[in-house]
Structure formats: structure tokens, C-alpha cells
2 protein chains.
Amino acid sequence: MLLYQEIRQYLFALIAEHPELKKLPSERELLEKFNSTRITVREALTRLEAEGIIYRQNRKGWFICPPRLKWDPVKKVNFYQLAQEQHFTPLTQLVSFETTAASEVINDAFELGPPGEFHRISRVRSLDERPVMVEEIYCLASQFDDLQHKPLEGSITTIFEQDYGVNVTHERSSLIVTAIPDDKAELLNVNKGALCLKIIRQRFNQLDKLIDYNLEYWVHSTIEIEVDSK
Amino acid sequence: MLLYQEIRQYLFALIAEHPELKKLPSERELLEKFNSTRITVREALTRLEAEGIIYRQNRKGWFICPPRLKWDPVKKVNFYQLAQEQHFTPLTQLVSFETTAASEVINDAFELGPPGEFHRISRVRSLDERPVMVEEIYCLASQFDDLQHKPLEGSITTIFEQDYGVNVTHERSSLIVTAIPDDKAELLNVNKGALCLKIIRQRFNQLDKLIDYNLEYWVHSTIEIEVDSK
DNA sequence: CAGTGGTCTAGACCACGAT
DNA sequence: TCGTGGTCTAGACCACTGG
């Protein structure tokens, strides 16, 4: 068996046998144990990372992943409720609020002719103090005047409904596996190039008019999608 | 800027500017161009791989990813139809057929008491000659007698319906990002530890009885999930 | 056969974290 | 201050691919 596979096996068993374990031995401890080098040890570690079994924190070490949040994109459940049902402690933090022009892709999604002005809300969501998702929400500045003074760490849907009388009736989500953009990686406290599930959610009103355009980047090991269909 | 980031940028631009390009320069060409080493060049390449922009074929080189297949897990569309609508040439190949006991997880999913006997169908699906997904289908041997003599490279659903009068009425899918198991990596002609979207599909009849249990491993860069919800 | 990526050695210096 | 992972050098041998 390949050396990095042996190291992987060893760590896999270590994790299985010690459910209380939070942190792995350091890379240098491992290379001594296996008479190897950092390259090889890191090969084993990055495989386990790709599998969603461990994750790293910049210069702090390698840690074992807690269970994934299960989420059904078809059902409308808010993040707080979902997290609490699954015994996580949720937290949403506002990163930034701007009112500005948006990229062509987003402008086009709103089917505007000339470039429009948008609110851009950036937030980070955490479970048990671990950042798991960063999102960017775009909506029309003209439609949601004074949005910056609303409680933006709570449910945006609720603000749309209660403060603006705007109801989301249906949405379209697109999911791909990719790498987290560098600027978002920092917010999530993960290394650059880390894997994510990128979700683009477009939410519409009953007239099929786009209400908001939402970019979500989930740390890949923190989420599991569950969908029912008939 | 970090050296591997520069190399990544260079390759990213190279790909953007040459839409007809299929294959990247070799690792050794790149390290000479950047006066660097293979470790660093490979860092850049694996980042692009994680992003789903390039993929490798064992000892053949690094290649540029074609567009992703878009799939809606809620709608029931078969693979052939889906692929053709999106201008791919689909192919399904039977890898193996066995009748055997299954793992505890699968046995439990069928809500059997004592371990049951299962058919286990393994298939590989390709788009334009590139393997994109490997699947294992489990169903009860007692329910689908003589299944091995049916055309197993076509639609299993159709066989269930037409040959056995068994209709699937609803299903439950679970999706996670993980690494492809080594035995499946070989079938997909990707390197060990490559990323995948793992989909577990459980399909039921109108009485909520499980008909089949389906494990799908999609090469992560080949698929995009699209879901509508109301 | 030459060229490719897969695996591996044996180091190095750095920025940042915990203390 | 010391330990951590992040980045990088300069090689090596191997298995497999392609011509």
C-alpha cells in the first residue's frame, strides 16, 4: 500500500475509534511517526479533507468535522430553525452592506435594460461558532429603499414581507461543486482554494419577477442536501 | 502574488482566451516556463481542478472541462434524454451484476429484519466518451427475479415498470461533496481521491415501500444541480 | 522509446497562532 | 517565543501512455 494511504488509514481509524477527538496530531508529529516527509503527510491529510472528514484552520491545525447540516432546497425553512432542529447553535453576522452597480450576470438576471443599482448584503453564517457559509444577496435598491436600516442579521425574507409587502412565491437554485473564491475563504477562516458547494438562488414573486439573487458558498464538509420528489 | 497563484492565473487566462484548447501544457513545460518546481506547478493545477475548470487523466495530462450536465433531481427525466437535450452523446455501460447480501446500511433501508439478498448493478455513464458517473443500484432479488437477463444498460425504471409491474412514485435524494472511493475512481478514469458529488437516491412505490437504493458518484466538475421550488 | 503524471525524499523560510 | 501550517526548492524513481 502507498505510504500516504497508510497514513490516511491510520488517521481514519484514529478518528473512528476516538469520537471525542477534535484535533489531529500536527504534520510534524505524523511525519516522524511514519518516517516520512511533509509532502506525503499532507497528501493523506488533503485526501481526508476532500472526503469531508477533517478540515484545517490556518496555522492552527487539522480538526475533525462535526456532522453536516441537512438542508432541503425545496422546502422553505429558515436557517435558524433548521440549525436548531439539528441541535446546532446558529449565528448570522453581517459582513458588509453596499448600494452599487452589480456584475453583468446579475444585472441580466433582473432583466434590466441599462445597469441598475443594487443593494449587496454580505453575511457569514456559523454553526457552533464554526463559519460554514458566506452569502451575497443582491436586490434592487429602488425596490427596497432604506434596507440598510433593517435588522440584516435576521431573515431577509421576513423583512421583504413585513417591511415592503414583497412576497417570494417560488425560487430556482443551482448547485455546483467548486473552490471558494479567495476573498470568501478568509471570511470562512478556511484556506484558499478550499472546496465548497456554491448555490445560486433566484427568488421570484407570483408574477415571475426576480426579487433577489443570492450567492451562497458552503464549506463542502458542512452540508448535506436532501430532496424529496414525487 | 504567490507563485502558484501566478501560474493559476496564467492558465486561467490561457483557457479563457483559447476556447478551442483541450489539453494544457505538461507539468514540466510549466515548471520551466515559471522557473519553478513540480510541487508548485501542481498546486496551481489542483486548485483549478478543484474549481472544476480542468481535470486530469492518469499519466495522460491535464485537460479542460467541457460544460456541466444540468440535472434537476426533482424532475424525473432519464439520463439519455437529459444528455441529448444538452447536446451530449450519452453512453451507459454495465460494469457488473451480482446477487448477494448487502451492507447493513442498505439492508436497513429496505427495512428487512434478517439480511436479505440483493441484486447489485454497477454501471458507468459517459458523456461524449468521458466517464462522468458510476452508480450502484441495489434492489431485492426476490422482487426482481431474472433481472440479470434484462437490458441493464438502458432505463432500470422502465424494466421495473414493464417487466415487473413495479412503479416508482416518489424518491428521496441525499447529496454530499466527498472524495470518490478508490475502486470507483478507476472506473471513472480519474485519480484516486478525486472529488465527487455523491448522491444517494431511494425510490419508493405508492405504499412507501423502498424499490431501489441507488448510489451515484458524479465527477464533481461534470454536473450542475438545478432545482425549482414553490 | 520518450514523455506523462504519481509518489516520495530532505530539506528551507515564512506568517501567524497560542502562550 | 515556539509550534503550526503555507509555500517552495531540487531533485528522485516509478507505472503507464503514446507513438
Side-chain angles (χ1 to χ4, degrees), chain A residues 1-11 22-50 54-65 129-131 179-180 182 185-195 219, chain B residues 1-11 22-50 54-64 129-131 179-180 182-183 185-195 219:
Chain A
M1 179 147 61
L2 299 173
L3 182 50
Y4 79 81
Q5 295 275 26
E6 272 181 45
I7 302 175
R8 184 205 159 277
Q9 288 281 20
Y10 165 79
L11 292 171
K22 292 273 169 64
K23 189 175 183 298
L24 291 185
S26 77
E27 295 178 3
R28 285 165 178 85
E29 279 178 69
L30 289 170
L31 72 85
E32 280 188 26
K33 181 174 182 72
F34 287 93
N35 283 313
S36 182
T37 62
R38 276 185 73 201
I39 297 282
T40 306
V41 166
R42 284 168 69 84
E43 184 69 37
L45 290 165
T46 55
R47 295 276 168 118
L48 286 165
E49 184 188 36
I54 65 174
Y55 66 100
R56 46 182 137 174
Q57 287 186 18
N58 253 325
R59 294 170 224 273
K60 283 188 195 167
W62 295 85
F63 301 84
I64 292 151
C65 291
E129 316 230 310
R130 177 184 176 203
I180 303 176
D182 289 353
E186 265 175 59
L187 293 169
L188 290 170
N189 195 24
V190 299
N191 63 307
K192 290 178 182 179
L195 294 173
V219 175
Chain B
M1 179 145 62
L2 299 173
L3 182 50
Y4 78 81
Q5 295 275 28
E6 271 180 47
I7 302 174
R8 183 204 160 280
Q9 288 282 20
Y10 166 79
L11 292 171
K22 292 274 167 65
K23 189 173 182 299
L24 292 185
S26 77
E27 295 178 5
R28 283 166 179 85
E29 279 178 67
L30 289 169
L31 73 86
E32 278 188 28
K33 181 174 184 70
F34 287 92
N35 282 314
S36 181
T37 62
R38 276 186 73 201
I39 298 282
T40 304
V41 167
R42 285 168 67 84
E43 185 68 35
L45 290 165
T46 55
R47 294 276 168 118
L48 286 166
E49 183 188 36
I54 64 175
Y55 66 100
R56 46 181 136 175
Q57 288 186 20
N58 252 324
R59 295 169 222 274
K60 285 189 198 168
W62 294 86
F63 300 84
I64 293 151
E129 316 232 308
R130 177 184 176 207
I180 302 176
D182 289 351
D183 56 326
E186 266 174 58
L187 293 169
L188 290 170
N189 196 24
V190 298
N191 64 309
K192 291 179 179 179
L195 294 172
V219 176

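Residue numbers begin at 1 in each chain, while the letters A, B, ... track the order of the sequences. Since the model is a prediction, treat every value here as computed from it, not as a measurement.
- We find that CD of B:E186 is positioned 16 Å from P of D:dA15, with the value rounded to whole Å.
- Direction of the helix axis in the helix from C:dC1-D:dG18 to C:dA18-D:dT1 shifts by 10° between the two five-pair termini, rounded to 10°.
- Geometric assessment of A:R130 against the ring of A:F63 yields a negative cation-pi assignment under the 6.0 Å and 45° thresholds.
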Subject >> Test side chain to side chain contact (heavy atoms under 4.5 Å, CB included) applied to B:E49 and B:N191, step by step >> reply: CA-CA 12 Å; B:E49 183 188 36; B:N191 64 309; 3.8 Å; yes

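- Considering only side-chain atoms of B:S26, the nucleotide from D:dT9, D:dG5, C:dG5 that sits closest is C:dG5.
- The CG atom of A:L3 sits 17 Å away from the P atom of C:dG6 (whole-angstrom rounding).
- Here the closest heavy-atom approach between residue B:A50 and residue A:G193 is recorded as CB-O, 4.4 Å.
- Taking atom CH2 of residue A:W62 and atom C1' of nucleotide D:dT4, one finds them 12 Å apart after rounding to whole Å.
- Across the protein-nucleic acid pair, B:L31 atom CG and D:dT9 atom P stand 10 Å apart, rounded to whole Å.
- Distance from the side chain of A:R56 is smallest to D:dG6 among D:dG6, D:dT7, C:dT7.
- Regarding contacts with the backbone of D:dT7, a side-chain N or O of B:R47 is found under 4.0 angstrom from either OP1 or OP2.
- Inter-residue side-chain proximity for A:L11 and A:L30 is flagged as met; some heavy-atom pair is nearer than 4.5 Å.
- Smallest separation of non-hydrogen atoms from B:Y55 and B:I64: CE2-O, 3.6 Å.
- For the pair A:L24 and A:L45, the minimum side-chain heavy-atom distance is below 4.5 Å.
- One can place CG of A:L45 at 13 Å from C1' of D:dG6, the figure rounded to the nearest angstrom.
- Screening A:L195, A:L188, A:N189 against A:V219 for a side-chain contact (heavy atoms from CB on, under 4.5 Å) leaves a single residue, A:L188.
- Regarding B:N191, its CG atom lies at a distance of 14 Å from the C1' atom of C:dT4, rounded to whole Å.
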Original post:
Taking protein heavy atoms under 4.0 Å as touching, what does nucleotides 10-19 of chain C look like 5' to 3' if B marks base contact, S marks sugar-phosphate-only contact and - marks none?
Top reply: B-B--BSSS-

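- Listed nucleotides: C:dT9, C:dG6, D:dC8. Nearest to the side chain of A:T40: C:dT9.
- When the side-chain nitrogen and oxygen atoms of B:Y4 are compared with OP1 and OP2 of D:dT7, one or more of them lie within a distance under 4.0 Å.
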Original post:
How far apart are the C-alpha atoms of B:T46 and B:R56, what are their side-chain angles, what is the distance that settles it, and do they pass the side chain to side chain contact (heavy atoms under 4.5 Å, CB included) test?
Top reply: CA-CA 9 Å; B:T46 55; B:R56 46 181 136 175; 3.7 Å; yes

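- Positionally, the nearest nucleotide of DNA chain D for A:E29 lies more toward the 5' end than for the other of B:Q57 and A:E29.
- If you measure from atom CD of B:E49 to atom C1' of C:dG5, you get 12 Å, rounded to the nearest angstrom.
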Show me, pair by pair, the donor-acceptor contacts under 3.5 angstrom made by side chains of residues 1-8 of chain A, not counting sequence neighbours?
| residue | atom | partner | partner atom | Å |
| --- | --- | --- | --- | --- |
| A:Y4 | OH | A:R47 | NH1 | 2.9 |
| A:Y4 | OH | A:R47 | NH2 | 3.1 |
| A:Q5 | NE2 | B:D182 | OD2 | 3.1 |
| A:R8 | NE | A:E51 | OE2 | 2.8 |
| A:R8 | NH2 | A:E51 | OE1 | 3.0 |
| A:R8 | NH2 | A:E51 | OE2 | 3.4 |

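- Atom P of nucleotide C:dT4 and atom CZ of B:R42 are separated by 13 Å, given to the nearest angstrom.
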